Amino acid sequence: MRSRTASCSCGQLRVEVHGEPLGVGVCHCLACQRRTGSVFAALAAFAAPYEVSGTATEYVHVGDQGGRFTFRFCPVCGTSVFHTEEGHEPSPVLVAVGAFADPSFPPPEDSVYDCRRHPWVKLPPGVTTFEKDPT
């Protein structure tokens, strides 16, 4: 089974995942824009188990539909590396695609909160879009 390791900029915080992604998507919600400092978050979901090394600082965000998301980021360099959602145990881990530093990583399949997408952001052909979160 294939393993991938994502890490923060300084390398202190890492998450190792196994297998292929359950899904890859982008989120254009304002919370993700603020959290990443970009105009969207690119995320890949992986099934448990996964291994974390290093120390993470946690931030809990309650989504529009009441979901509680625990974001983990490096307390040294500030990179947002991964998050989980409460109530989905064993919870898949959602990893920032950029933290893999792999330009060959699979493209997104879904785009959520498309109503917040900046008009100049163009998605690859075939991406399924949702005006908000479909869950």
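These numbers were taken from a predicted model, which means no experiment stands behind them. Each residue takes its place number in the sequence, starting with 1.
By the criterion of side-chain heavy atoms lying less than 4.5 angstrom apart, applied directly or through intervening Ile, Leu, Val, Met, Phe, Trp or Tyr residues, Val93 is grouped together with Val52 in one hydrophobic cluster. Cluster membership for Val95 and Val24, using ILVMFWY side-chain heavy atoms within less than 4.5 angstrom, is shared. Linking ILVMFWY residues whenever their side-chain heavy atoms come closer than 4.5 Å, directly or via other members, places Val15 and Phe105 in the same cluster.
Through direct or relayed side-chain contacts under 4.5 Å between Ile, Leu, Val, Met, Phe, Trp and Tyr, Val112 connects to Tyr113, Phe130. Other members of a hydrophobic cluster containing Leu30 are absent, since no ILVMFWY side chain comes under 4.5 Å of it, directly or through relayed contacts.
Atom CZ of residue Phe69 and atom NE2 of residue His83 lie 6.0 Å apart, to the nearest 0.5 angstrom. Atom OG1 of residue Thr36 and atom CZ of residue Phe71 lie 10.0 Å apart, to the nearest 0.5 angstrom. We find the OH-CZ distance between Tyr50 and Phe82 to be 6.0 Å, quoted to the nearest 0.5 Å. Atom OG1 of Thr5 sits about 11.5 Å away from atom CG of Asp102, to the nearest 0.5 Å.
In this structure Pro124 satisfies the side chain to side chain contact (heavy atoms under 4.5 Å, CB included) test together with Pro108, Val127, sequence neighbours excluded. Partners of Arg14 according to the salt bridge (charged side-chain N to carboxylate O under 4.0 Å, His left out) rule, which considers only residues two or more places apart in sequence or in another chain, do not exist here. Residues that satisfy the ring-ring contact (aromatic ring centres under 6.0 Å, His included) test with Phe46, not counting sequence neighbours, are Phe100. For the side chain to side chain donor-acceptor pair (under 3.5 Å) test, no residue two or more places apart in sequence or in another chain qualifies with Thr70. A search for side chain to side chain donor-acceptor pair (under 3.5 Å) contacts involving Gln33 returns His118, not counting sequence neighbours.
Pairs of residues two or more places apart, or lying in two chains, that qualify as salt bridge (Lys or Arg N to Asp or Glu O under 4.0 Å) and include a residue from residues 115-129 are Asp114-Arg117. The salt bridge (Lys or Arg N to Asp or Glu O under 4.0 Å) pairs that include a residue from residues 54-76 are Glu58-Arg72, Arg68-Glu86, where partners are two or more places apart or lie in different chains. For residues 15-36, the set of pairs meeting the salt bridge (Lys or Arg N to Asp or Glu O under 4.0 Å) definition, not counting sequence neighbours, comprises Arg4-Glu20. Listed by first then second residue, pairs satisfying ring pair (Phe, Tyr, Trp, His ring centres under 6.0 Å) with a partner in residues 1-30 read His28-Phe40, not counting sequence neighbours. Judged as a side-chain hydrogen bond (donor to acceptor under 3.5 Å, both in side chains), not a single pair has a partner in residues 37-46 (not counting sequence neighbours).
For Ala44 against Val97, the heavy-atom pair with the smallest separation is N-CG2, 3.9 Å. Closest heavy-atom contact between Cys8 and Thr79: CB-CB, 3.6 Å. The shortest heavy-atom contact between Ser7 and Val81 is C-CG2, 4.3 Å. What you find for Ala96 and Ser80 is that their closest heavy atoms are CB-O, 3.7 Å. Contact detail for Cys74 and Leu13: the closest heavy-atom pair is N-CD2, 3.8 Å.
For the pair Gln65 (side chain) and Asp133 (backbone), a donor-acceptor distance under 3.5 Å is present.
Taking 4.5 Å as the limit, some side-chain heavy atom of Cys115 sits within range of a side-chain heavy atom of Lys132.
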Side chain to side chain contact (heavy atoms under 4.5 Å, CB included) between Val26 and Leu123, worked out | CA-CA 9 Å; Val26 292; Leu123 300 172; 4.1 Å; yes
Which is it for Gln12 and Thr55 under the side chain to side chain contact (heavy atoms under 4.5 Å, CB included) test, yes or no, and what are the steps along the way?
-> CA-CA 7 Å; Gln12 184 278 135; Thr55 303; 3.5 Å; yes
